[in-house]
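For the numbers below, each heavy atom of this structure counts, side chains included, while hydrogens, waters and symmetry mates do not. Chain A is the first sequence line, chain B the second, and so forth, proteins listed ahead of strands; every chain is numbered from 1.
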Amino acid sequence: MKKFLGILVTLVLLYILTSIIGDNFLSAYNQEQLLKRTALYGLLAIGVSFVIITGGIDLSIGSVVCLVGCGVPWLITQHQWPPVMAVIAAFLVAMMIGLWHGFLITKVKLQPFVVTLCGLLMYRGATRGFTEDKTQGFGITHSELRELATGKLQLTEQFGLPVPFLLLLIAGAFAWIFLNKTVWGRYLFALGNNEEAARLSGIHTDRMVTLSYVICSSLAALGGLLFILDGNSAQPSDFGNFYELYAIAAAVLGGCSLRGGSGTVIGVVIGAAVMQVLKNMINLADWLKSHLEFLVVGGVLLVAVIADELVKRRVRK
Amino acid sequence: MLTAHGIIKSFPGVMALKGVSLEVGRGEVVSLIGENGAGKSTLMKILSGIQNPDEGEVEMEGKSLSAASVTEAQTAGLALIHQELNLADNLSVGANIFLGREPCRFGWIDQKKIRQESAKYLSKVGLKVPPETLLSELSLGQQQLVEIAKALSTRAKIIIMDEPSSSLSQGEVEMLFEVIRELRKGGISVIYISHRLAEVQELSDRVVVFRDGENAGELGPEEMSHEAMVRLMVGRDVSQLYQRTAHDLGETALAVNGLRTQANPYEEVNLELRAGEIVGIAGLVGAGRSEVLEAIFGMTPAVAGKVHSELPKSPREAMAMGLAFVPEDRKAKGLILDLNVEQNTSLASLGENAKGPFVNRSHEVALCEEMTEALAIKTPGPWQKARFLSGGNQQKIILAKWLALSPSVLLLDEPTRGVDIGSKEEIYQLMEKFAREGMAILFVSSELEEIMGMADRVLVMREGRLNGALDRSQFSEQAIMDLATKTQS
């Protein structure tokens with residue numbers, strides 16, 4: 001609780017502020033959209049927080065979103081693959097990408113930043129290649145598959161929980177159990193803190209690091225799939241652009257240190273929600289031009305990180 | 001000339017200096033001795049401006065240096081020569097002497113002046129090499145002299161030497177002493193820190209003894225007997241500190257054959273330990289002692305050789321053979337500082353005790369309780385981060401982590417470095433207890449007192465080779481130093 005109290009307070013304040021300045025903010029439709037967007041970005045953020053806990057970074061998330069988001073409709077509509085096969089293929093490719101990152105980082109000893117930066121360029125490039133840079137989507141077909149992202153669990157007549165939000169809760173629960181209750185979670189925190197000491201205690205540090213990249217890419221793939229099912233249209237040149245940065249920002253807001261060794265799932269999900277409320281606020285407030293979005297998001301992130309650092313310093317004394 | 005008075009300095013979890021004092025006169029060679037963790041290095045860092053004291057006064061020729069920076073301390077005439085030399089070995093001797101203070105002409109480095117000036121200072125320390133020589137071509141002893149020349153070039157009035165002889169051969173040590181005596185004649189003072197009491201006796205005008213961050217006493221030239229120094233350092237009879245009892249040894253517990261480490265691939269190390277035996281490895285810094293332990297534990301896998309019947313390629317494989325290893329640098333390699341006491345204690349045995357993929361919490365809690373009591377670990381609770389414990393308690397947590405696996409062989413690298421005297425005594429008692437219970441212990445130490453006090457047998461290494469072995473009856477500082485510095489014929 002202590003670890004994510006700050007970000008929780010931030011979320012509540014922003015939420016109240018936005019509900020005052022934005023007329024339609026509290027409408028059922030807007031709340032559903034907010035939950036759905038939080039869920040989509042939250043899944044990416046949970047993924048990257050595994051990597052950040054080990055002291056690494058994954059910059060290729062947005063490109064994996066693009067690869068899966070364009071690749072799945074491409075396989076289904078242009079190559080007539082059964083949807084199930086296409087989805088399985090997408091997850092297998094994402095896991096291979098994670099394994100490949102892990103291999104390069106732990107065995108070839110390359111820096112995570114460099115490895116995943118190359119990934120960022122390559123996976124988008126590959127997607128633009130095989131789709132010939134053409135917009136991908138399902139058109140009016142496969143609406144039953146799209147229910148996965150567009151469906152909702154109706155609670156009242158107007159308001160329903162979006163399916164992606166339910167998926168976020170499930171993925172979040174698994175991630176929480178993994179990090180807090182299993183041996184592997186403990187190993188991740190230990191090696192993120194001090195990899196050499198962890199290795200000397202008999203932990204397979206290389207395997208654990210690789211596992212974190214596999215989890216990250218897999219959740220990026222899930223995110224990518226949900227994004228395309230929801231939006232139904234993806235341009236290979238910009239689908240998923242900057243999503244890794246939203247994910248990393250949410251993880252950092254949620255208490256992950258880029259030095260490794262710390263982070264909580266609940267904090268990260270709240271971090272993702274803060275980002276979405278902010279975006280929502282910019283869109284709803286007339287006096288804020290929406291092209292100032294990055295300025296505001298960046299500024300809030302910076303303030304949050306500074307506040308966090310100051311609080312930590314005070315606690316240390 | 002220099003007075004430090006009532007110096008107090010604390011770090012998280014430990015009070016390193018509890019109000020120590022030190023005075024140095026002009027042209028005086030003062031030796032500062034004390035066990036590991038007595039606070040010598042901390043005081044030296046304070047004198048040279050690397051750290052500032054929490055309380056207390058440092059004065060040099062009437063000028064306060066209590067809040068001085070490194071540059072200010074240097075300007076005042078204090079120079080510190082670290083144990084690990086601070087030189088750039090890709091540069092020439094001359095360039096090293098003037099590093100950061102290069103004389104310039106029209107914005108260009110004045111190479112001619114560097115050569116002339118360097119030659120002057122080199123001759124003062126009796127080093128006959130041209131200033132253009134690359135530092136990497138010099139021996140460790142010669143590099144030490146370059147450091148002293150560098151100190152002289154800053155017009156140092158007091159030179160602090162931290163364990164200068166710990167990596168030098170006998171001949172080089174004599175050369176160093178000659179230079180120190182010359183400096184003294186020239187009115188330059190030296191604060192000499194060493195573990196080698198024989199050297200201290202030979203060299204110093206006065207000995208100051210620290211114990212647990214306090215002044216334990218001072219000895220003049222006539223009072224500097226070995227016994228007197230040890231008594232002040234330890235604060236009690238040595239026999240009390242190192243309590244060994246005779247017990248029967250068991251079967252072979254560790255057999256290392258033809259081990260060739262990456263650091264010294266052309267030297268084969270063979271050794272054998274029996275259950276219940278404590279064996280020490282002595283030698284100079286850089287003799288390859290730690291490397292042997294690290295190779296046995298698979299941390300830096302050996303080039304060739306066998307531990308029992310195979311070569312461990314990772315710590316995990318070594319652990320499967322019943323080995324455990326407490327590294328020298330506990331903060332960098334031994335502990336996860338931001339995990340708590342409980343999590344550190346259970347780390348190595350976590351997988352073994354897991355319930356499926358899940359951490360066995362009740363076992364973990366019980367283990368930590370058991371170990372905290374058995375090893376008398378002082379912590380406010382199992383939730384405390386390892387970072388905030390004192391050196392001695394941190395060391396005990398690492399021991400606890402391994403005890404949870406009931407190893408048959410314990411490898412210890414400098415087991416009491418940076419640990420206060422009370423914890424030290426406890427660690428020795430634990431070593432004795434483990435041995436009595438049948439564990440074989442192989443430990444590396446730079447403290448001869450500790451080696452002679454704890455070991456049943458000493459192996460002495462020199463330049464990567466096991467240069468000889470001594471039984472308890474043959475132990476003496478002289479015998480060990482001879483093996484550490486001279487080739488055996």
Practice task
Determine whether B:Leu403 and B:Met439 make a side-chain contact, defined as any pair of heavy atoms from C-beta on separated by less than 4.5 Å.
Solution key: yes

Exercise for the section: Over 60° means perpendicular and under 30° means parallel, so classify the ring planes of B:Phe325 and B:Phe297, tilted if in between. Expected result: tilted

Fill in the blank from the handout: Max heavy-atom pairs within cutoff under 4.5 Å with chain A, candidates B:Ile398, B:Leu347, B:Leu405, goes to B:Leu347

Practice task
Tell me yes or no: between the side chains of B:Asp54 and B:Ser10, is some donor less than 3.5 Å from an acceptor?
Solution key: yes

Problem - Donor-acceptor pair between B:Ser446 and B:Glu414 side chains, under 3.5 angstrom - result: yes

Practice task
Report the option among B:Gln343, B:Arg330, B:Glu317, B:Lys331 that has the most heavy-atom pairs separated by less than 4.5 Å from atoms of chain A.
Solution key: B:Gln343

Fill in the blank from the handout: When the 4.5 angstrom heavy-atom criterion is applied to B:Met319 and chain A, the contacting part is side chain

Exercise for the section: Taking heavy atoms only and a threshold strictly under 4.5 Å, list by residue number the residues of residues 175-206 of chain A that touch chain B; give 'none' if the list is empty. Expected result: A:Ile177, A:Lys181, A:Thr182, A:Val183, A:Trp184, A:Arg186, A:Tyr187, A:Phe189, A:Ala190, A:Asn193, A:Asn194, A:Glu196, A:Ala197, A:Ala198, A:Arg199, A:Leu200, A:Ser201, A:Gly202, A:Ile203, A:His204

Exercise for the section: Please answer whether the main-chain N or O of B:Leu389 pairs with a side-chain N or O of B:Gln384 as donor and acceptor at a distance below 3.5 Å. Expected result: no

Exercise for the section: On the 0 to 90° scale, with breaks at 30° and 60°, tag the A:Tyr243-A:Tyr246 ring pair as parallel, tilted or perpendicular. Expected result: perpendicular

Exercise for the section: Pick one of side chain, backbone, both or neither for B:Ala318, based on which atoms fall under 4.5 Å of a heavy atom in chain A. Expected result: neither

Exercise for the section: Please lay out, stage by stage, how B:His308 and B:Leu254 fare under the test side-chain contact (heavy atoms from CB on, under 4.5 Å). Expected result: CA-CA 7 Å; B:His308 297 301; B:Leu254 175 70; 4.2 Å; yes

Handout entry: Under 4.5 Å from any heavy atom of chain A - which part of B:Ser346
Key = side chain

Exercise for the section: Anything in residues 362-378 of chain B with a heavy-atom distance to chain A below 4.5 Å? Please list those residues in order. Expected result: B:Glu364

Practice task
Can you establish whether the number of heavy atoms outside B:Glu437 located under 6.0 Å from its atom CD is more than 12?
Solution key: yes

Exercise for the section: Would you confirm whether A:Ser212, through its side chain, and A:Val209, through its main-chain N or O, come within 3.5 Å as a donor-acceptor pair? Expected result: yes

Problem - Note, B:Thr300 side chain near B:Glu291 side chain (heavy atom, < 4.5 Å) - result: no

Handout entry: Interface moiety of B:Lys401 toward chain A, non-hydrogen atoms closer than 4.5 Å
Key = side chain

Handout entry: Ion pair check, B:Lys18 and B:Glu55, cut-off under 4.0 Å
Key = no

Handout entry: Contacting region of B:Leu350 [heavy-atom separation from chain A under 4.5 Å]
Key = both

Practice task
Answer with side chain, backbone, both or neither: which region of B:Lys355 has an atom nearer than 4.5 Å to a non-hydrogen atom of chain A?
Solution key: neither

